Every structure is written in C-alpha cells, then in structure tokens.
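Since this is a predicted model, take the numbers as computed values, not measurements. Values reported hereafter were calculated over all heavy atoms of this structure, with side chains retained and with hydrogens, waters and symmetry mates removed.
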Protein chains: 2
Amino acid sequence: MKLKSMDISATASASSIVFDALRKAIIEGQLEEGEPLRQDEIARLFNTSRIPVREAISRLEEQGLVKTQRYKGAVVAGLSPQETEEIFDLRALVEPEIIRNAVPKMSKEDLALAREKCAAFSASPDPMTWGDLNRDFHETLHGASDLKFFLEIAHNAIDRVERQIRAQLVMSNGMERAGREHFGILEACENGDAELAAKLTRDHIQGAKKSLLAHLSVK
Amino acid sequence: MKLKSMDISATASASSIVFDALRKAIIEGQLEEGEPLRQDEIARLFNTSRIPVREAISRLEEQGLVKTQRYKGAVVAGLSPQETEEIFDLRALVEPEIIRNAVPKMSKEDLALAREKCAAFSASPDPMTWGDLNRDFHETLHGASDLKFFLEIAHNAIDRVERQIRAQLVMSNGMERAGREHFGILEACENGDAELAAKLTRDHIQGAKKSLLAHLSVK
DNA sequence: ATAACCTAAATTGGATCCAATATTCAATAA
DNA sequence: TTATTGAATATTGGATCCAATTTAGGTTAT
C-alpha cells in the first residue's frame, strides 16, 4: 500500500526566516527609519552566515522597505511626507476595488469573523495592539477577495506606511474615528452593498491620510 | 586642492547586471514561460559565481517574474488567463491616474517627444520592434508624472504582461487599433484634457484586455 | 589648532567549497 | 515486460574565505 504524501518539509530556508523577521521588525517599527542593517550582526543573531542575510536584504530592497548603497550597506527606508501621501492615495485607489470585489464573496463566517475583529479593535485599551488589530480587521475583509495582485499591492503599500498608520491611530481621535469607520464599512459589507463599502473604504483611507498629513506639517 | 567627487563608479554590481539581463530576457520573451533558470549555467554565461545569480533570481521572484521551489530551482513565471485579466484590470485602474497626474505637468518638449514616439510606433513595419516602441510611447507619457509608486506598480504590471501585449499587437487589428488609440490619448494630452486622456487610457487597456482574452479563450 | 594624509579596522561583494535534496537511470525483482 | 530500488549525477542552500571599498583614528605639516 502507498503511504499518503504529506508535506513534512515546511522547514523554511534560512534566508526566508531572516527575511520575514526583518520585515516584521521594520514594519512594526522595532527597527527605526535610517537604522543601518549590518549583515554580520544580523547573521550572528540568526546563527547563519551573511549569505542568507544578503538575500533577505535584497528582497527587502525590492519591496522598498530598505535602501542599500554599494559597499555602504542597507538602511531601513523612510518616507517623505509626499511619498507618504502618495502611498495613501494608492491605497485609496486599490483597496476600495478589493472591497468591492470581496463583498459579494463574503460568507456568513467571513462576516462573523470581521465583526469579531472589528469589536476587538474598538475594545482594545492597549495602544501597542492597535496596529495589529487594525491590520487584522482590514485583512479579514480583504480575505474574501480573489484579486491576488491587488492584494499584493495593497499589503505592500500598507507595510510601507504601517508605522504612520500606528502613529495616526494614537493621535487625537484617530482610534475613535477608525473604530467608527470600521463599523460603517462592516455594516455595508453585511448589507451586501459593495458600492457603499468601497466608498467608505476610500473615505477611511483619505481621512487617515489627511489627519496624518496635518500632523506632519505641524511638527 | 580637493578633487571633484565624480561618479566614476557606475560599475554596477554583478548581481544587478545579472538581474537586469535576466529581467530583460524574460520580459522580451527570450526565455519562455516555465523555462528553468539554472544558476550554474547563468553564472557561466556572465563569468561570475552562483552567488550574484541567486541574488538576482531572488529579486526577480520578489517581482513575480520567476517562481522558485526549494532545491528545485527557478522557472520563468507564467500567468493564467485569470491572472492576465487581473493584471490588465490593475493597469486600467492605475495608469489612468498616472496620465491624469502627468497631463498638467507635460512640457512642450515632452509632448513633442511623445508625438515622435507615437509616430514611430505607427510607422514601424517590423513586428519585432512593436513591443519596444509601444512601451516607449507609454513611458514617455508616464514620464511627466511624479507618482513614483504608481509608476513602479504600473511598470511592474506591464512587465508581467509584456509578452501578452506583444502578442496582442500582432493579432488582427491589434497594431492598427493601438496606433489609433495612441493618437487619441496623445491629442487629449496636447489639449490639456487630463480627464479625457485618463478615460482613453482606461479604454485602451480594457480594449487590449478584451481582445487578448477573446483570443485566449479561442485557443 | 586645523586640515590634509595615511594606515588600520570595519564592512560589503564575490568566489570557492561543502552539505542537503532532487533527479536520472541502470540493475533487480515480480 | 514493468514496476521498484538504489547508486550516481545534478542542482540548490549555506559556510568560509578573499578582494574591493569605505570609514575611523591617528600623524604630520602648515
């Protein structure tokens, strides 16, 4: 008799492990903008050689999360206010399309989960968790969509401004408004109103952009 | 006296050279979809070791141009009809925004150059050049825009379907229609009508998508 | 004291070597 | 004959070493 083929493997390559870890650290702001990424230091941290580290860094650069200069090394990429604005405009263009596509595909379970995430976000008292919970909610809504390239772009865009999103949430009203807007979007999804959900998503992103830019220009 | 700091360098790293060359070869269809990329073979071709080749391949994978499997290697990525359709939808969403942004920024020189490229495209009798000339025209129009992330996404999307675009051009009417539509877009730009230019750009892309998909479903 | 300069340390890019896994193909058993 | 096994080959992932370049620190001349 034949044995079932099972995917034991699952042992990711060293470069992927380093890539994921660095990516997470950059997105979550544990590595600050402009901070140099020393290959040797990172290699020691992960008990590997510099080869997989270099591969990870080159992939991160391809995603725009780090910038490298020959013989000078890589630093965590930052965004100018103009660039930040453009990323939010990009999100405001792409994410409504994702939602519009997702709404008719959402199952009862999807919606129940989204409602859960939405509630969890609004209920959380700990600012440290807001970024993750916000992401959770949006990704749950996006999940029903099958637009893989749109999703890829949206997630990459979100990654690049994740730090700003987190800052925006802790700004005056940021959290409260986001919570309100999330409920609005969720309700539109539950009612199967894709057009409204898309519009509210766009407003949500544009609103965040505006409050963020106002804050940046004040500083 | 101090010497002027001049950018003699310009000697790109080996991995970048390999990356650019492979990327070009894939986009232009010299490497066929599904064709495996052997690190050793490529390294020999470029007189380097496999290290820069691997870095190049990992960057190409990040761009979606190749797919790799652990210990099995990389192959040139292909697109299903659904994926092709989605990429065209993405282009139809993003590129009109680029044009809308670019139109008010176009100088006389930009427009003159665009008219030149447009004429060159329509006048070319050699199907082998159509892909490049088409790209030339569109990139000239895009050039006036300062939306760097939008441009990045549009160009990556175009790269991924460049082969299909070339196929579409040699299809019945493809070239003729593209030429006509290019003139329309150009005229709108010359008249400073950003809205019309954006709309025609969207139509141009959606039209290409439709004729391409019709052809795919027949085959 | 300050600026130019030169050497040493740090850092990156690449080459070569080794280990892990996959693939091929001949030998063998049913 | 055909399916299975297993060794040889091919191929990738990673470690270590070397070369090229940058950076830091100290020395000297003005």
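Partners of A:F19 by ring pair (Phe, Tyr, Trp, His ring centres under 6.0 Å), not counting sequence neighbours: none found. With sequence neighbours excluded, the residues forming a side chain to side chain donor-acceptor pair (under 3.5 Å) with B:T129 are B:S124, listed by chain and number. With sequence neighbours left out, A:D159 forms a side chain to side chain donor-acceptor pair (under 3.5 Å) with A:R23, A:R135.
Applying the ring pair (Phe, Tyr, Trp, His ring centres under 6.0 Å) test to residues at least two apart or on different chains, the pairs with a partner in residues 104-142 of chain B are B:F121-B:H182, B:F137-B:H182, B:H138-B:H182, B:H138-B:H204, B:H142-B:H155.
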Give the table of side-chain donor-acceptor pairs shorter than 3.5 Å for residues 67-78 of chain A, with sequence neighbours excluded, one pair per line with atom names and distance.
residue : atom : partner : partner atom : Å
A:T68   : OG1  : A:E61   : OE1          : 3.0
A:T68   : OG1  : A:E61   : OE2          : 3.3

Take nucleotides 10-20 of chain C nucleotide by nucleotide from the 5' end and write B, S or -, depending on whether a protein heavy atom sits under 4.0 Å from the base, only from the sugar-phosphate, or from neither. -SBBBBB---B
